[in-house]
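The structure appears right after this line, and notes come after that.
Per chain, numbering begins at 1; letters A, B, ... match sequence-line order.
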Number of protein chains: 2
Amino acid sequence: MGRPLDAAKQQGIIDMAARHFFEHGYAATAIEQIAADAGVSKVTIYNQFGDKRALFAAAVACECEKLRGHFSLDAMPQGTIRERLTVIGEAIAAFLSRPEMIQFDRRIAAETETEPAIGEVFLDAGPRRMKHGFAAYLRYCAETGDLVLDDPELAAEQFVSMCKGMDDLERRFGAAVTPENFERRIAGAVDVFLAAYGAACHR
Amino acid sequence: MGRPLDAAKQQGIIDMAARHFFEHGYAATAIEQIAADAGVSKVTIYNQFGDKRALFAAAVACECEKLRGHFSLDAMPQGTIRERLTVIGEAIAAFLSRPEMIQFDRRIAAETETEPAIGEVFLDAGPRRMKHGFAAYLRYCAETGDLVLDDPELAAEQFVSMCKGMDDLERRFGAAVTPENFERRIAGAVDVFLAAYGAACHR
DNA sequence: GACAAAGTGAACGGCTCCGTTCAATTAAAC
DNA sequence: GTTTAATTGAACGGAGCCGTTCACTTTGTC
């Protein structure tokens, strides 16, 4: 009985919290500001979440949940193994180098120090999940004879790492994006990967 | 004339500042605490650096200067190309996964957002420098006939990226170190790299 | 319509910290 | 020994923000 919690309001708070936290950092974010931008009283936030850290944790958890949706390898690209790897590599690199992702990455990393559980949640929702999914695909490619490899997890890491390259780093440290290197990097990663694991090289 | 600045004191302040900033983060570090731990008055710090941000910048610059010392490829390892790459790969991976390096990385990344110049300074002192140095070595290996490659910079990125793998990520997000995977990852990186660029594969 | 719980606005205590001021002290240069 | 400048300790103003309290209003259930 009584008045029920407003779920939409709750989600609005979390969204706005995520926005502020990931844009300005944990310490630099004032709860009053979140409240104002979410069109909500500060007291409501404290009633629902109790704590600044708890609100942050909720924002992280929510964002990680969104992450889970991405990178389902359901709709697999068609074509030669080279074409397929190229498409996948491009998708991965593009996904990881989105500005929001870079920012999210920075925040989580910084806050992991004081709250290790946060880093763990992110690892499971993001990188590990992606790695296992891609490794499974590589295993499938090995079964169909397109690839020859005995450690799909390792191979997955290698491919993803090469696709990221150092552009990843550059962006995390504020360097401007360099789209001209993008295709070259992916093509290079596919070349090297196929030289090592391509069925043609093992005939 | 008059009393000169105490250089030793100045360095002590910077060292202590670096320690605090990189351990607890910029916002969570109080200048008074730095002053106390450096055995110095807070006023002295303000006289010498003027500002909290300036002190942080000085600490970053100093740390980057230290970074410059590392990774001179003067004392090159001997042996087959496979052996040499293995040694280099291990050194790079070990260097990058030191806890201090991880922390430093996190801080710089987080602070780059509000001060892009800081990220730039780090990129030049660290990653780019290392990449160019290693690329030069790869070019040399190509000249001696140990490798066959036409883009040493790209190859350097690929090799380093594979050596880092995702352990890099894991550590940034607080996961425990996994030394058992270390050698496997390096060996895998060398295998793939040589499959693509080794002279033996291009005969 | 009565009730119960959620939401609001304003104000407050407390805390931390930045950056400044000032008078007093120290230490090097001349 | 005098001068010049760095250094110090203490204290202060001011700001920002967390988390709480309280009286009041809204909004839903019974």
Side-chain angles (χ1 to χ4, degrees), chain A residues 1-62 107 110-111 113-115 117-118, chain B residues 1-62 107 110-111 113-115 117-118:
Chain A
M1 55 196 88
R3 183 176 170 184
L5 256 86
D6 189 334
K9 203 158 281 190
Q10 174 122 1
Q11 191 55 48
I13 294 173
I14 291 185
D15 287 344
M16 199 52 72
R19 184 127 134 219
H20 276 86
F21 280 136
F22 304 144
E23 213 153 297
H24 314 302
Y26 178 80
T29 297
I31 283 196
E32 301 222 47
Q33 194 54 230
I34 296 175
D37 289 3
V40 157
S41 164
K42 179 171 65 157
V43 187
T44 300
I45 294 185
Y46 276 99
N47 280 344
Q48 295 202 11
F49 298 93
D51 208 324
K52 191 184 186 184
R53 288 223 76 85
L55 177 58
F56 182 71
V60 171
C62 175
R107 294 311 171 198
E111 240 52 61
E113 225 146 328
T114 62
E115 203 99 11
I118 286 180
Chain B
M1 56 196 89
R3 185 176 170 185
L5 256 85
D6 190 332
K9 204 158 282 191
Q10 173 122 1
Q11 191 55 47
I13 294 172
I14 292 184
D15 287 344
M16 199 52 72
R19 186 127 132 218
H20 275 88
F21 280 137
F22 304 144
E23 214 152 297
H24 313 303
Y26 177 81
T29 297
I31 283 197
E32 302 221 48
Q33 193 55 229
I34 296 174
D37 289 3
V40 156
S41 164
K42 177 173 65 158
V43 186
T44 301
I45 294 184
Y46 276 99
N47 280 342
Q48 295 203 11
F49 298 92
D51 208 323
K52 192 185 184 183
R53 288 223 77 85
L55 177 59
F56 181 70
V60 172
C62 176
R107 294 311 171 198
E111 239 53 60
E113 225 146 327
T114 62
E115 202 99 14
I118 285 181

What pairs with [X] under side chain to side chain contact (heavy atoms under 4.5 Å, CB included), at least two apart in sequence or on another chain?
X: B:A110; answer: A:R107, A:A110
X: B:Y46; answer: B:I31, B:K42
X: A:N47; answer: A:V43

Can you give me the N/O atom pairs linking the protein to nucleotides 23-28 of chain C at distances under 3.5 Å, or say none if there are none?
residue	atom	partner	partner atom	Å
C:dT26	O2	B:R3	NH1	2.8

Heteroatom pairs (N/O) under 3.5 angstrom, protein to nucleotides 18-20 of chain D:
residue	atom	partner	partner atom	Å
D:dC18	OP1	A:T29	O	3.2
D:dC18	OP1	A:I31	N	3.4
D:dC18	OP1	A:K52	NZ	3.1
D:dC18	OP2	A:I31	N	3.2
D:dG19	OP1	A:D51	OD1	3.3
D:dG19	OP2	A:Y46	OH	3.2
D:dG19	OP2	A:K52	N	3.3
D:dG19	N7	A:K42	NZ	3.2
D:dG19	O6	A:K42	NZ	2.7

Tell me every residue that passes side-chain hydrogen bond (donor to acceptor under 3.5 Å, both in side chains) with B:T114, counting only those two or more places apart in sequence or in another chain.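 By the side-chain hydrogen bond (donor to acceptor under 3.5 Å, both in side chains) rule, B:T114 matches B:R53.
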
Nearest whole angstrom, please: distance from the C1' of D:dA5 to the NZ of B:K9.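 In whole Å, D:dA5 C1' lies 14 Å from B:K9 NZ.
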
Can you tell me the distance, in whole Å, between the CZ atom of A:F21 and the C1' atom of D:dC17?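 Rounded to the whole Å, the gap is 12 Å.
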
Salt bridge (charged side-chain N to carboxylate O under 4.0 Å, His left out): which pairs involve residues 20-30 of chain A, sequence neighbours left out?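 Every candidate salt bridge (charged side-chain N to carboxylate O under 4.0 Å, His left out) pair involving residues 20-30 of chain A fails, so no pair, neighbours aside, qualifies.
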
Considering only residues two or more places apart or on different chains, which pairs with a residue in residues 43-52 of chain A satisfy salt bridge (charged side-chain N to carboxylate O under 4.0 Å, His left out)?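 Pairs touching residues 43-52 of chain A that pass the test: none.
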
Have a look at the helix from C:dG1-D:dC30 to C:dC30-D:dG1 and give the angle its two end axes make, five pairs each, rounded to 10 degrees.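 Here the helix ends are tilted 20° relative to one another.
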
Under 3.5 Å, sequence neighbours excluded: what are the donor-acceptor pairs made by side chains of residues 11-19 of chain B?
residue	atom	partner	partner atom	Å
B:Q11	NE2	B:D15	OD1	3.1

Establish, with yes or no, whether the OP1 or OP2 oxygen of D:dT7 is under 4.0 angstrom from a side-chain nitrogen or oxygen of B:Q48.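 Affirmative; the distance criterion is met.
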
Distance check: side-chain N/O of B:T44 vs OP1/OP2 of D:dT8, anything under 4.0 Å?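 Yes, B:T44 has a side-chain N/O under 4.0 Å of OP1/OP2 on D:dT8.
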
If you look only at pairs with a residue in residues 2-21 of chain A, which of them pass as a ring pair (Phe, Tyr, Trp, His ring centres under 6.0 Å), with sequence neighbours excluded?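 Listed by first then second residue: A:H20-A:H24, A:F21-A:Y26, A:F21-A:F56.
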
